[in-house]
Amino acid sequence: MDASARRNIFVVGLDDFHLAQLRTLPGAEGYAFHALFTREEVKPCARFPVRRILIEGRERLAQFPGTVDAVVGFWDFPVSTILPLLRLARDLPGPTLESVLKCEHKYWSRLEQARVVPENIPAFCAVNPFADDPLREVTLDFPFWIKPVKSVLSYLGFRIGDADDFRRAMQRIRREIDRFGEPFNHVLGHATLPPEVAGIDGNHCIVEALISEGRQCTLEGYAWQGEVRIYGAVDSLREGAAGSSFSRYQYPSTLPEGVQARMGEIADRVIRQVGYDCAPFNMEFYWDEATDRIWLLEINTRISKSHAPLFRMVDGCYHHQVMIDLGLGREPAMPHRQGEFACAAKFMVRRHQDARVVRVPTASEIAAVEAEFPGLVIQIEVEEGMLLSELCYQDSYSYEVATLFLGAANHTDLERTYARVMERLPMAFEPVTPRRQENVPT
C-alpha cells in the first residue's frame, strides 16, 4: 500500500515484541505504526518522566508531517493516564481524563463503585502514610490490605495482620511511594477533582478489607458509544505466602457462565457510572465459591498486554485489535474461538526469596525449546550475575524471573506441557542474604 494512504498510529511505549504482534492484525498493511515513545522511555526503573512525556509527546505529534490518526498504548501507569491528554491535543477519540482517573485512582474508583455496586466492594478508607500516626486513620479491623492509590503489579501492596506489620509497611511505603505518587500528582493536576478526592493525592494509600479468598477472574471489554461489551474472561491463578503473586493467567475462564455474566453486569454498571467511553478496559474480580459472592478488585483502562497472546492462540487475533479499532474511532471487531488452541496461559516463573542469577538459557537454547512446542513463547526477565532485588517494580512478595506463553487442547495438557518446558529450561540461582524482606510484613 502507498505509504501516504496508511493510517498513522502512534504507540506510547512501543517495543519490538508488541510491534511484531501489531503487524499481524487484520488490515495491518494499512497501518503505519510509530513509537511516540519507546518502552524504555515510558517505563524506566527510575522516576516516571510524566511531565517530559506530555511536553515532548505533544511536540512530536504537532511536528509530524502526515495525519495523526490514533494515539494508543497498552501499558499501565504512566501510559494509561496520559493518553487522554495526548489525544486531547489532537482532538482524537477517547475517554476523558476524569473518567480514566475514576478507574485508575484506587480511592476515587471505590467511591464511584460504592454508588452503583456497594454489595460488591470491600470496606475501605484512605490513609496518609506521612501522618503522625497513620494507623489512627484506619477504620478497619486487622487483617486488611494496604496499597498506594496508584501503583502497578501490587508494588508496595501489603497484607497487614497487626500493628507491627503496619509499622514495617509504613517504613517502606514512606521511602518509595513518591516514585509513583509524584508523577501521578502531575496527571491529577490536569483534572477536575471532586472535594472528597482533591485531598487524596498520589502519596496516599487505600486500606481495604480482605476479599482475595476466592477465584480471581479478569474481564476484557470495551465501551463504545455508551454501550459496554465483554469479549473475554481470563482466570488469574495465584501463589505465595500472601496469595497475591500471580502464577498464571489462563484463557478462557473456567468459572461458571452465570458467574461470568454477573461480573459482566457489574462491569456495565461501573463503566457507565464513571462515564468511560470509546476505549478498552479490563476489570478484575474475585468469586467466593462458598458464598457465591462476587467482589470487584480493580479497573484498568487498557487492554492487558499479558492476555494478548492468549487471545491470539484461542480466538485467532491479538486483542490489540480492540485497542486499534477504538483508537481510530470505530467499533471493534474481534474473532471468537478461531485460534489454533482450545486454551492458553501465560505462566509467570517466580522466586520468593532474593538470589543471584547464576545461569539463564541462551538464545539458541530458548529457540530450541520453542521449536519443540508449537505456539510456545519464552521471555527471560533476568540476566546472569544480577540480584533479583535489582528487578524493577516487583510485587511485595516475589520476583518474576521468566514468562511462558503456551497453548494446548485442554487444561491437563497445558500443565503437562508447562512442566516439560521447565525441565528443558536451564536456570540457576544462588541464595544471598535477604534484603527486601526485612521491611515486608509476612
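Start at 1 with the first residue, then count along the sequence.
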Output the distance between atom SG (C103) and atom CD (E98), rounded to the nearest 0.5 Å. 12.0 Å
Looking at CD of E239 and CZ of F246, how far apart are the two atoms once the value is rounded to the nearest 0.5 Å? 11.0 Å
Could you give me the CA-CA distance, side-chain angles and deciding distance for H204 and Y107, then say whether side-chain hydrogen bond (donor to acceptor under 3.5 Å, both in side chains) is met? CA-CA 9 Å; H204 280 70; Y107 181 72; over 6 Å; no
With no hydrogens and no angle check, do the side chains of S212 and R159 hold a donor and an acceptor under 3.5 Å apart? no
Would you say S109 and Q113 are linked by a side-chain donor-acceptor pair, where the criterion is simply a distance under 3.5 Å? yes
Heavy atoms of other groups near [X] [atom1], more than 12 under 6.0 Å:
X    : atom1 : answer
Q379 : CD    : yes
R51  : CZ    : no
R359 : CZ    : yes
E383 : CD    : no
E430 : CD    : yes
R58  : CZ    : yes

If the test is ring pair (Phe, Tyr, Trp, His ring centres under 6.0 Å), which one of Y251, F341, F405 qualifies with F311? Y251
Could you give me the CA-CA distance, side-chain angles and deciding distance for R420 and E423, then say whether salt bridge (Lys or Arg N to Asp or Glu O under 4.0 Å) is met? CA-CA 5 Å; R420 293 173 61 196; E423 290 175 355; over 6 Å; no
In this structure, which one of [options] forms a side chain to side chain contact (heavy atoms under 4.5 Å, CB included) with [X]?
X    : options                : value
C205 : L156, V149, I173       : I173
T218 : H307, M263, M283       : H307
D325 : M334, R330, E331, H320 : R330

Look only at the side chain of [X] and the backbone of [Y], and say whether a donor-acceptor pair between them is shorter than 3.5 Å.
X    : Y    : result
W75  : G13  : yes
N8   : D69  : no
D235 : T254 : yes
D315 : R337 : yes
E298 : K106 : no

Parallel, tilted or perpendicular: which one describes the rings of F77 and F180, with boundaries at 30° and 60°? tilted
Evaluate Y399 against E381 for side-chain hydrogen bond (donor to acceptor under 3.5 Å, both in side chains), listing each step before the verdict. CA-CA 10 Å; Y399 304 93; E381 309 293 344; over 6 Å; no
Less than 4.0 Å between a side-chain N and a carboxylate O, is that true for K150 and D76? no
Does this structure show an ion pair linking E104 with R302, if we count only N-O contacts that are shorter than 4.0 Å? no
Is the F74-H18 ring centre distance short of 6.0 angstrom? yes
Assess whether side-chain hydrogen bond (donor to acceptor under 3.5 Å, both in side chains) is satisfied between Q216 and R238, documenting all intermediate values. CA-CA 8 Å; Q216 189 170 355; R238 295 162 289 138; 3.2 Å; yes
